[in-house]
Amino acid sequence: MTKLFIVLLSIGFSAFSYGQTYSVTFPEQEVKTVGTAVITGQFVGAENQKIAFGNQNLGGVNKPLRNILCDKEGKFALSYDLPFKDYYYLKFQNGQLLNVILHGGDSIKIYGDVKNVQKYSNFIGSEESEEMNQFLVQYGDLKRTEDSLRRVAKLDPSKANEVNTFFQPIAVSFYQKRDKFINTYQNSPALIVAVNAVDQKKEYSTYTKIIELLGTSYGESPTVKNLQAYAANLKKEREATKFLEPGNQAKEIAMNNPDGKEMKLSDLKGKVVLIDFWASWCRPCRAENPNVVKLYNHYKDHGFEVYSVSLDGNLDAWKKAIEQDGLVWPNHVSDLKKWNNGAAKDYGVKSIPFTVLIDKEGKVIGTNLRGPALENQLKTIFGH
């Protein structure tokens, strides 16, 4: 899925991302001023340089609202009539951005160093802006550490346990700070930076709480309105796929196999079935196929089946991939409509590979079980 990075940017890091685009437009004739913001300050390293002032909802980082020229000492001054309360930015010539929360009628002084504007910036008159940027620094450090450790584990899988053991206390420490930040700034626009530090699926109640709090504290902000629109759509998607919760009955699937014969998921009732959404063009799917083949061969005589739903659009490519990867089970279906695949829509599939494991009665055991997670679940079911 394509990610849209909106506002609160820094070098190589964004505060939050949306799965879909929601925009609030402001025709020129409807824009009203909410007050003047006055921002002054000084940045080491910005001597005689320009600082761009802008807003993600009015041109983004490539079309600033105003360019400010610093003097020979790095001092600058800006006075701007705000069209709305929102998250604005200062962009420096080295590409770094500093985020500022503005309400209208603001008087803020900022002092810092362009070597790392988020980490080395002090705000006078906007504590919420300073705390917001400092949280971004902490979260950025966590993600960079996590990415580095993932690369280590990928290069040498034998170090996976060692990497996890090393990273766990780092992650626990950060999320303790995150929870404290959420509690401390629950009535502040600064809370928006916690959005991406929350797992939308595993911590859905916390996620929705943040959106609600932002609506109360800063609901006039178009960025918050965008976030509310995204959250509303996410809620609809969750409700539409609620049947995938463990214990619920899986939806029927009836499609043709490569030879044009209809094959129904319900025909496999009485067996434990892995519904596997994949495609010949999907590299992660193809990389996972050997593991599925191994588990199928191990458990097929004990009541395990695989029902593969392909999001291919080309019959020959689909058939070739089945043969190349040795997908020897007979249950292969597709309507050859790619992402418009009927079953994929019914199951709310947004990315592949995507799997649903169902029991002998056709009830959901779990979703997105792959690799060791799938193997462990099958060991639990079959006892070996």
Side-chain angles (χ1 to χ4, degrees), residues 5-16 33-145 177 181 185 188-194 196-197 218 221 223:
F5 293 100
I6 297 183
V7 86
L8 308 181
L9 307 170
S10 65
I11 293 181
F13 173 68
S14 298
F16 56 88
T33 300
V34 296
T36 301
V38 177
I39 306 174
T40 60
Q42 182 177 17
F43 279 87
V44 176
E47 296 81 2
N48 299 314
Q49 292 188 9
K50 288 182 181 179
I51 301 177
F53 170 77
N55 178 276
Q56 189 70 25
N57 297 290
L58 290 174
V61 294
N62 295 320
K63 294 182 179 180
L65 302 172
R66 182 74 58 80
N67 284 308
I68 317 156
L69 182 62
C70 296
D71 66 16
K72 62 182 180 180
E73 295 179 335
K75 295 180 180 179
F76 71 96
L78 167 74
S79 178
Y80 194 85
D81 293 334
L82 301 178
F84 41 68
K85 299 179 180 181
D86 203 15
Y87 305 87
Y88 292 79
Y89 67 80
L90 296 175
K91 181 179 180 182
F92 298 81
Q93 285 189 195
N94 62 6
Q96 296 188 55
L97 291 97
L98 189 65
N99 308 287
V100 187
I101 298 170
L102 297 176
H103 302 267
D106 311 83
S107 180
I108 302 173
K109 294 182 180 180
I110 312 173
Y111 299 93
D113 190 326
V114 295
K115 289 181 180 178
N116 191 326
V117 294
Q118 283 187 336
K119 189 174 183 179
Y120 302 119
S121 289
N122 295 311
F123 287 75
I124 299 174
S126 183
E127 177 186 348
E128 57 190 7
S129 294
E130 180 160 342
E131 294 299 330
M132 179 177 66
N133 283 284
Q134 288 305 307
F135 183 89
L136 280 174
V137 171
Q138 295 176 31
Y139 187 49
D141 289 343
L142 175 80
K143 298 307 292 182
R144 281 185 283 271
T145 299
K177 294 177 182 177
F181 181 89
Y185 294 97
S188 169
L191 187 61
I192 198 168
V193 291
N196 229 30
Y218 210 46
S221 158
T223 299

Non-neighbouring partners of Glu73 that pass salt bridge (Lys or Arg N to Asp or Glu O under 4.0 Å), sequence neighbours left out:
Lys75
Those residues at least two apart in sequence (or on a different chain) that pass side-chain hydrogen bond (donor to acceptor under 3.5 Å, both in side chains) with Thr40 are none
Throw together a table of side-chain donor-acceptor distances under 3.5 angstrom for residues 44-54, partners on residues two or more places apart or in other chains.
{"unit_1": "Glu47", "atom_1": "OE1", "unit_2": "Gly45", "atom_2": "N", "d": "3.1"}
{"unit_1": "Glu47", "atom_1": "OE2", "unit_2": "Gly45", "atom_2": "N", "d": "3.3"}
{"unit_1": "Asn48", "atom_1": "OD1", "unit_2": "Lys72", "atom_2": "N", "d": "3.4"}
{"unit_1": "Gln49", "atom_1": "NE2", "unit_2": "Gly45", "atom_2": "O", "d": "3.3"}

Starting from the C-alpha separation in whole Å, work towards a yes-or-no answer on side-chain contact (heavy atoms from CB on, under 4.5 Å) for Leu102 and Ile39.
CA-CA 10 Å; Leu102 297 176; Ile39 306 174; 4.3 Å; yes
I'd like to know whether Tyr80 forms a side-chain contact (heavy atoms from CB on, under 4.5 Å) with Thr36, so could you lay out the CA-CA distance, the side-chain angles of the two residues, the decisive distance to 0.1 Å, and finally the verdict.
CA-CA 5 Å; Tyr80 194 85; Thr36 301; 5.9 Å; no
Using 30° and 60° as the class boundaries, would you call the ring planes of Phe181 and Tyr185 parallel, tilted or perpendicular?
tilted
Does any N or O in the side chain of Tyr139 come within less than 3.5 Å of the main-chain N or O of Asn196, such that one atom is a donor and the other an acceptor?
yes
Looking just at side-chain N and O atoms, do Asn57 and Thr223 make a donor-acceptor pair shorter than 3.5 Å?
yes
Atom CD of Gln93: over 12 foreign heavy atoms under 6.0 Å:
yes
Would you list the pairs meeting salt bridge (charged side-chain N to carboxylate O under 4.0 Å, His left out) in which at least one residue belongs to residues 78-87, sequence neighbours left out?
Lys85-Glu220
Just to verify, what does Asp141 make a salt bridge (Lys or Arg N to Asp or Glu O under 4.0 Å) with, not counting sequence neighbours?
Arg144
Quick note, side chain to side chain donor-acceptor pair (under 3.5 Å) partners involving residues 100-112, not counting sequence neighbours, are His103-Glu128
